[in-house]
Amino acid sequence: MSSDTQTGGPLESVADGYNDRFGHLFGELNGPQFALLIGSLAVLLVAPVWTSLLGVGGLLRTLALASIWAILAMAWDIQSGYTGYISFGHAVLSGGAAYTTAMLVAHVNPDLPFLVTAPISVLAALVIGLVIAVPSLRLRGPYFSLVTFVAGLIFYQLTYAFSGYTGGELGQRVGRIEFELAGAQVTTFDPVTRYYVMLVPMLVIAVALLYVARSNVGMILIAIRENEEAVAAAGIDTTKFKIWSFVLSSIPMGVGGVLLAHFYGTVNPLNFLLVDRSIEIIAMAVVGGMSSILGPIGGAFLVIVLREEVLGVFGVTGRWVALWTVVLLVLVFARDGLFRKLWHVLGDWGRIDGGDDE
Amino acid sequence: MSFFELDGLTKRFGGLVAVDALSMSVDRGEIVGLIGPNGSGKSTVFNCTMGRYTVSDGSIHFDGREITDAKTHEVVEHGLARVSQESNPIDAMSVGANIKLFTLPNSVTSLRGGASEKEIFRYAARLDLENKLHEQPDELPHADVRRLEVAKALATEPELLLLDEPFAGMNQQEIDGLVEKFEELRDEGVTMIVVDHNMGGLMRLVDRVVVIHNGTKIAAGDPEEIAENEQVRRAYLGSSEAM
Amino acid sequence: MLGAIGSFLVTGAMISAIYALIAIGFTMIFGVGGVLNLAHGGLIMLGAYGFLVVTSSSTVEFLTIPPIAGLAVAIAVGAVASYGLYVGLVEYIEDNPVITFLATLVVALILAELAVVAFSSSPRGLVNLAPGSSGGSLGIRVTNIEIVAFVVSWVAIGLLWYYVTRTDEGRSILATSMSQRGAQLTGVDLPSIKARTWLIAGGLAGLAGVFIGTLQQTSPVMWLDPLALAFIIVVIGGIGSIKGSIVAAYLIGYLETLTVTLLGSGFRGTFSLVVLVIVLLVMPQGLYGREWVHE
Amino acid sequence: MTNNDTGIPVTRNERKATIDRRTFLGAAGAGAVATTLAGCLGDEDDLIRVGHIGPLQQDMGAGSENSAQLAVDQLNEEDGIMDREVELVSADSVGDPGEALTATEEMVEQDGVDVIIGTFVTEVMQGITDYVADVDVPFLITGSADPVTVTDTVAEDYDRFKNIFRSGPINSDLQAEGMVDYAEFLADEYGWTQFAHIADDAAWTEPFSDNLPGYLEDVGLDVVHEDRLAPGTDDWAPVNSDIDDADADAVFRFFAHNVGTGMLVNWRENEYEFAIEGIHVPGMSPEFWDDSEGAALYETTSQSGAAGAADITSETGPFVDAYAEEYGDDRPSLPMYMGFNTYDAVFVYKDAVERAGTVDYQADIDTIVDELLETDHEGAAGEIEFYGPDEDYPHDVRETTDDDGVITNFPVTQWQDDGEFECVYPEHLASADHITPEWL
């Protein structure tokens with residue numbers, strides 16, 4: 001990882017400051033790339049201010065939703081994007097967490113606090129992740145994808161078969177998030193609070209996953225994708241690492257599922273377990289650029305903003321046609337993802353080879 | 001018990017017996033040649049040893065431990081490494097990263113372990129790749145790719161190195177260079193089993209030769225003895241391969 | 001008791017025949033090109049809507065043809081769409097199985113949404129090819145349309161069998177699905193074989209669509225269940241094996257009928273999916289197929 | 001649509017323009033910003049905004065939206081509400097509680113609606129009640145019939161949920177009673193005594209599953225078969241065969257999530273000897289005859305408004321005619337039951353706020369609620385009065401009964417020859433006699 005800086009400028013020196021301190025942890029950046037990251041972060045952090053100034057307060061809801069989906073897309077990426085074992089049933093993990101919250105509220109005690117239901121639900125996602133991973137990781141390529149796809153179908157159908165517990169087609173209510181933080185009562189009834197309740201976990205998970213992805217673990221996962229036998233020949237237990245990638249993925253999937261449950265206030269098969277949801281997660285990661293963590297974040301924001309704010313000009317159904325068509329075009333013509341392309345353009349611009357993970 | 005020992009090793013694929021009750025042993029510090037015509041089961045022996053194939057019968061011991069049913073990574077952890085017939089570097093990673101991969105600890109919680117840049121430089125330098133650390137494997141000439149395979153295997157700090165046709169596709173000059181490297185390794189105490197068709201390069205290197213044909217051992221001894229062995233000649237002629 | 005067993009045997013046979021029709025095309029495409037065509041259910045849906053448009057007076061008024069002719073239209077719609085999908089999309093991406101998997105699934109989603117736009121999300125019924133029922137004897141009731149579906153399914157299977165075993169064109173498909181490399185060595189034109197396979201598979205899907213659309217319903221969500229069925233049947237039968245698909249279709253048809261009888265209709269699909277996962281993990285080559293798993 | 005000639009700009013949420021209200025940000029840019037700001041600032045622009053929510057992709061929701069638009073247009077042709085012009089803001093619930101909550105918040109916070117009318121599915125209604133109760137906006141339910149709508153809310157915590165009303169249909173406890181009256185009518189007519197009962201496995205059918213079999217036994221009729229079906233059932237042969245095996249004379253089936261087309265086809269082809277009665281929501285669509293290729297023949301369903309086939313009140317005919325004139329070429333070509341209730345709800349709201357003299361729910365919700373409770377409105381679906389706060393179903397629409405105590409505002413319609421939609425019960429409203437299949 002070299003950072004032979006030759007162009008100066010204040011941007012570059014800030015970026016270099018970052019590289020010296022954190023580059024080895026999260027990957028190195030050049031000036032434009034650094035500016036993009038910091039700029040995006042700033043835009044997100046102060047979103048309540050500019051949305052209100054511009055009179056587009058409704059956008060805050062979309063950005064909150066995009067933050068949740070970004071968590072899901074990143075979580076998918078660390079497992080599927082990095083190892084090349086492409087899961088088509090990841091919504092089962094977030095859905096499992098969401099349903100755990102809903103069932104706890106509906107069947108155990110409606111007054112269970114968020115700080116109790118949330119960790120249990122994330123744990124449930126982890127258990128489901130392992131239940132799927134351990135047997136299915138024996139298969140490769142489309143066969144692994146097929147099993148995960150089928151796992152998604154099974155969970156979807158089970159919500160109907162056990163409608164007495166799950167509420168069937170129409171699901172169950174979970175209500176809003178309410179908890180106490182440092183003596184203050186936090187509730188997501190307030191749009192601004194809700195935005196930060198969704199954004200902050202997203203940023204924390206992004207940093208954590210970037211840190212892991214730029215570590216030995218990330219390197220080994222990518223190597224598994226490229227050549228699993230070579231990794232075994234290096235004395236590394238690939239099965240252990242593949243299962244570990246499911247662990248790394250399940251936990252944020254669980255967090256995302258819980259947040260989504262409280263965002264919608266209701267958990268149902270349509271919003272959580274339908275195959276479309278798994279495909280949406282993949283679409284976001286692929287549109288952004290697989291195996292980069294940052295790409296899926298960009299993909300999630302792009303897809304959600306398109307879906308909620310832009311493509312609606314085609315009508316409620318038409319927006320889905322348009323969205324899937326966009327995804328299909330990206331699949332065919334820009335397999336590596338739009339944000340990866342952007343990243344490389346910025347990289348060339350600064351004429352520094354760095355930041356990319358591969 | 002010897003340093004490395006195969007005892008009645010047998011591998012069947014369906015009805016086909018690829019290796020048939022093969023026994024052989026290698027002492028610490030030796031370089032043993034394993035030769036035989038195409039399809040005689042040489043690579044299968046390596047694949048069984050490395051845990052890529054499950055062994056049908058018999059046992060494999062290494063350094064006092066049974067590794068018959070061990071998985072590949074366990075075998076490597078015990079101090080065995082193999083240079084495969086086919087080069088398989090990870091093209092998405094630089095030469096340096098390819099070597100580093102082979103130094104990473106087998107631990108999901110070790111985020112920043114593995115060799116330092118200095119150590120990687122040293123591993124590369126052992127095979128004269130130190131100036132190519134930042135190149136991508138698919139940009140390297142063939143001989144360098146083969147050398148990278150050896151460098152990767154050495155980065156696991158093996159005590160026994162299995163070399164599966166290390167000279168494949170190289171010209172004489174390149175072979176000579178590589179043989180020199182292996183001789184240096186022997187001086188450092190690395191034990192080796194070498195499979196190759198090129199008897200010339202091999203004969204200079206090895207202390208002892210084991211010949212297998214159709215999965216069974218047909219001869220063993222000094223390189224000179226083997227070169228004279230009538231049965232070995234017939235086996236090779238039968239498969240229309242020149243020595 | 002006799003009635004119940006007889007009814008079970010007949011119901012199972014009827015539904016299994018349609019399942020076979022659903023699965024054969026899917027297995028052929030996988031066998032020949034190694035592509036899991038997740039748009040297969042979408043093609044079935046296209047067949048059903050194609051039939052609806054030309055046979056119902058309530059869609060396009062000036063276009064109302066007899067249902068039997070509608071059947072031909074459904075086959076044609078499925079075949080052309082399938083062919084178009086291959087030469088227009090899959091051919092460019094089939095080198096990457098995962099991208100193909102994803103892209104064909106996205107195509108299915110697009111088709112489903114387009115169906116909502118064109119026909120609304122309300123399910124439709126189809127003009128019945130063969131009204132009335134036979135039965136009552138032995139306490140077994142079978143509608144005529146089920147009998148027609150059963151017969152047509154076997155006729156289609158018979159024709160296909162004849163094609164792939166008795167004609168040169170067909171034999172090259174069979175050869176390719178047994179060993180792509182072997183077939184290539186013997187000098188067959190792989191792209192044209194693949195395109196032809198997609199054409200045939202699409203035609204069978206369109207045909208299946210009419211029967212599913214009549215016996216169940218024609219709706220924008222009708223693609224998913226047949227797709228799942230195709231998976232299950234193909235995995236159990238063995239990839240690329242037409243014979244395996246037919247046997248597995250009957251296994252699953254009867255298994256589902258039994259599940260419905262014993263556990264209730266809510267578990268119909270779930271149980272089969274669980275069987276699928278078990279087969280995939282325990283016997284990945286299926287009944288008649290070649291090995292699935294890489295070593 | 002119509003409101004161009006009323007001088008009001010075409011609203012962005014018109015279905016024909018296919019610009020959904022949730023998309024205006026991307027679509028309309030600066031114009032949208034202005035509108036939103038206006039919304040935030042409250043009612044200073046002098047418009048009264050009627051919020052409508054329903055599954056707009058389904059015939060039920062689309063019919064309801066059209067009916068709401070029709071009511072708003074009619075108000076604007078007169079004096080509006082309190083002499084102020086009225087604008088419809090319609091949102092798509094997509095039949096999903098999560099989407100509905102998002103859409104409702106947006107209507108209240110961004111668009112500044114003064115009232116919310118709609119919700120078809122019980123669970124969707126439940127998904128937004130907490131929020132609606134928190135902001136106090138008057139909420140008139142026009143689709144979902146589950147009694148929990150009021151028993152879990154207004155009856156539980158009156159002070160919190162007092163802004164929630166249901167202007168129609170009558171709740172399903174009462175519907176179950178009405179269904180027994182109808183069963184007795186069938187028993188009188190045909191001598192049927194054995195009934196089967198099957199229902200969607202969903203919350204809305206529970207009042208029927210819990211009560212109807214008992215009620216039927218109480219009046220001396222037998223329930224010979226009961227079953228619940230998972231939504232999305234597509235194999236109907238065993239369902240019909242079980243009913244037939246039980247020797248039922250008729251089946252009462254309650255389907256909203258299941259679509260009975262497959263059942264009807266299988267029933268007709270096998271000429272099963274029972275009649276199909278009960279509630280079939282997809283079968284209420286005027287398009288169902290075509291959708292099912294005529295398989296709808298002979299099936300009946302109960303529904304408020306009787307699909308316009310009967311003159312329930314003097315308002316029914318004019319409303320149905322106006323709807324047909326405006327939307328007769330659209331889908332659905334008739335307002336479905338929710339359309340009747342939504343249309344009525346707009347006028348119920350208008351009357352109440354005009355009596356209250358205010359639409360400011362943040363300040364005057366108590367006054368508005370008091371006036372809503374005073375409602376006595378002759379609507380298109382029937383006479384509308386609400387149960388009082390201390391009764392069994394507070395804020396729920398009252399059933400109307402005839403001299404014999406038979407419930408009359410829950411009529412039964414039947415698909416008859418050539419796709420005619422007829423009202424067959426109660427007898428004083430009937431447009432045609434109830435008929436049975438010729439094979440029966």
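Chain naming here is simple, since letters A, B, ... match the order of the sequence lines and numbering starts at 1 in each.
Residues Val277(C) and Ile154(A) come closest through the heavy atom pair CG2-CD1, 4.0 Å. Counting all heavy atoms, side chain and backbone alike, Trp324(A) lies closest to Val106(C) at O-CG1, 3.3 Å.
Interface remark: Phe149(A) contributes side-chain atoms only to the contact with chain C (heavy atom separation under 4.5 Å). With a threshold of 4.5 angstrom between heavy atoms, Val327(A) approaches chain C through side-chain atoms but not through N, CA, C or O. Using a 4.5 Å cut-off between heavy atoms, Ile232(C) does not touch chain A at all. The contact between Leu114(C) and chain A is made by backbone and side chain atoms together, counting heavy-atom distances below 4.5 Å. Using a 4.5 Å cut-off between heavy atoms, Leu105(C) touches chain A through its side chain atoms alone. Contact of Phe155(A) with chain C is not made at all, since no heavy-atom distance falls under 4.5 Å. With a 4.5 Å cut-off on non-hydrogen atoms, Leu153(A) touches chain C through its backbone and its side chain both. Only the side chain of Leu224(C) comes within contact range of chain A, judged by heavy atoms closer than 4.5 Å. Residue contact with chain A, scored on non-hydrogen atoms closer than 4.5 Å, involves the backbone of Tyr92(C) exclusively.
Summarising the geometry, atom CZ belonging to Phe88(A) is positioned 7.5 Å from atom CG belonging to Leu38(C); distances are rounded to the nearest 0.5 Å. With values rounded to the nearest 0.5 angstrom, Leu328(A) atom CG is found 5.0 Å from Ile110(C) atom CD1. Here CG of Leu276(C) is found 6.0 Å from CG of Leu146(A). Values are rounded to the nearest 0.5 Å. Between atom CZ of residue Phe101(C) and atom CG of residue Leu331(A) there is a gap of 13.0 Å, rounded to the nearest 0.5 Å.
Shown here is Tyr165(A), whose OH atom has no more than 12 heavy atoms of other residues, nucleotides or ligands within 6.0 Å. Shown here is Phe339(A), whose CZ atom has more than 12 heavy atoms of other residues, nucleotides or ligands within 6.0 Å. Within 6.0 Å of NZ on Lys240(A) lie more than 12 heavy atoms contributed by other residues, nucleotides or ligands. Within 6.0 Å of OH in Tyr250(C) there are more than 12 heavy atoms belonging to other residues, nucleotides or ligands.
Looking only at side-chain heavy atoms (C-beta outward), Glu113(C) and Leu323(A) stay at 4.5 Å or farther from each other. Contact annotation: the side chain of Ile99(C) never approaches that of Val332(A) to less than 4.5 Å [non-hydrogen atoms, C-beta and beyond].
In terms of heavy-atom pairs under 4.5 angstrom with chain A, the leader among Val107(C), Leu111(C), Ile93(C) is Ile93(C). By number of non-hydrogen pairs under 4.5 angstrom with chain A, the leading residue of Thr100(C), Leu89(C), Leu102(C), Val117(C) is Leu102(C).
Residues satisfying the side-chain hydrogen bond (donor to acceptor under 3.5 Å, both in side chains) test with Asp225(C), not counting sequence neighbours, are none.
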